[in-house]
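We count ligands from 1, going down the list as the structure has it; atoms in each ligand are counted the same way. Keep in mind that this is a model prediction, so the values were computed, not measured. In what follows, every heavy atom counts, from backbone to side chain, and hydrogens, waters and symmetry copies are set aside.
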Amino acid sequence: MPRHYAIVPAAGSGSRFGAEMPKQYLPLAGKPLIYHTLAALCRCSRIDRVWVVLSPDDVWWRTYDWACLGPKLETVFCGGATRAGSVANGLLAAQTAAADEDWVLVHDAARPCLSQAMLDALCDALADDPVGGLLAVPVADTLKRADAGQRVAATEPRDGLWQAQTPQMFRYGVLLKALASHPGVTDEAGAIEAAGLKPKLVRADASNLKVTYPADLHLAALILQGAHE
Ligand code: C5P
């Protein structure tokens, strides 16, 4: 039986929050944001180990006690210049544990509201899949293309368009190779597609949001609060 591992790229430094602190450490429901992300993965009985990939310059991780997340968590300070670079380095760090056929779930540190139900839905949908896939949501809003003056240049058809989320789940060996060959991608599915394969879209919902703007932090707090009521 293939095992399931998680890789959490958490080496991003960019922040639209006006703070020096990277967004993955911003306070959310009384804990650092990334705590919630890691807790969702560590608590999932299907996942054997979780590698969190931090920047070599990270000064924030050690200011918090992560012991409560349990023994599955592995911390590595090998983040790269891009998200794809951080994931590729995390995969290499997992090499002694992972076999080519094992599943790897790559999940953004900045998505703290992943539910166990969505994790289960992803693993169930892909258990016998020859390629793997990702959580995603069909685009619901009308899409506008902007010109340089932030005026509408065109209305774009949204038929068949989905917003990619994470986790993205692929076989360890295939993903390692695909990312090495296609390092410029913005998600794992992009590397798998570039390798000529077709990842499966597994329907999720907007609660698995990526914290990008200050308002997202407030929304994430409400979602987490609702999940625990
Ligand atoms: O910036 P954005 O939210 O799109 O980043 C997605 C995820 O990738 C975040 O969890 C971020 O910490 C991570 N990342 C990384 N290494 C980078 C850039 C981003 O691990 N060089």
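- Counting only heavy atoms from C-beta outward, the side chains of Leu54 and Val76 never approach each other to under 4.5 Å.
- Looking at ligand 1, you won't find any N or O of Val53 less than 3.5 Å from one of its N or O atoms.
- Counting atoms of ligand 1 from 1 in the listed order, those under 4.0 Å from a heavy atom of Lys210 are 2 (P), 3 (O), 4 (O).
- Within 6.0 Å of OH on Tyr64 lie more than 12 heavy atoms contributed by other residues, nucleotides or ligands.
- Trp66 has its side chain within reach of Pro32: a pair of non-hydrogen atoms, C-beta onward, lies under 4.5 Å apart.
- Taking a 4.0 Å cut-off on heavy atoms, Arg111 fails to register as neighbouring ligand 1.
- Contacts between Ser86 and ligand 1, counted as non-hydrogen atom pairs separated by less than 4.0 Å, involve the side chain only.
- His107 places a side-chain heavy atom less than 4.5 Å from the side chain of Thr37.
- Looking at Ala81 against ligand 1, only its backbone comes within 4.0 Å, counting heavy atoms.
- Atom numbering of ligand 1 starts at 1 in the shown order; those under 4.0 Å from a heavy atom of Ala110 are 10 (O).
- Near Ala10, meaning under 4.0 Å from one of its heavy atoms, ligand 1 places the atoms 12 (O), 20 (O).
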Carefully, step by step, assess Asp187 and Arg83 under the rule salt bridge (charged side-chain N to carboxylate O under 4.0 Å, His left out).
CA-CA 8 Å; Asp187 70 352; Arg83 182 185 178 286; over 6 Å; no
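- Considering each of Pro22, Ala11, Gly85, Gly80, the one bringing a non-hydrogen atom nearest atom 21 (N) of ligand 1 is Gly80.
- The salt bridge (charged side-chain N to carboxylate O under 4.0 Å, His left out) analysis of residues 128-154, with sequence neighbours excluded, yields the pairs Arg145-Glu156.
- Residue Val211 has no nitrogen or oxygen atom sitting less than 3.5 Å from a nitrogen or oxygen atom of ligand 1, judged on distance alone.
- Taking a 4.0 Å cut-off on heavy atoms, Thr212 fails to register as neighbouring ligand 1.
- With rounding to the nearest 0.5 Å, the separation of SG in Cys113 from CE in Met118 is 9.5 Å.
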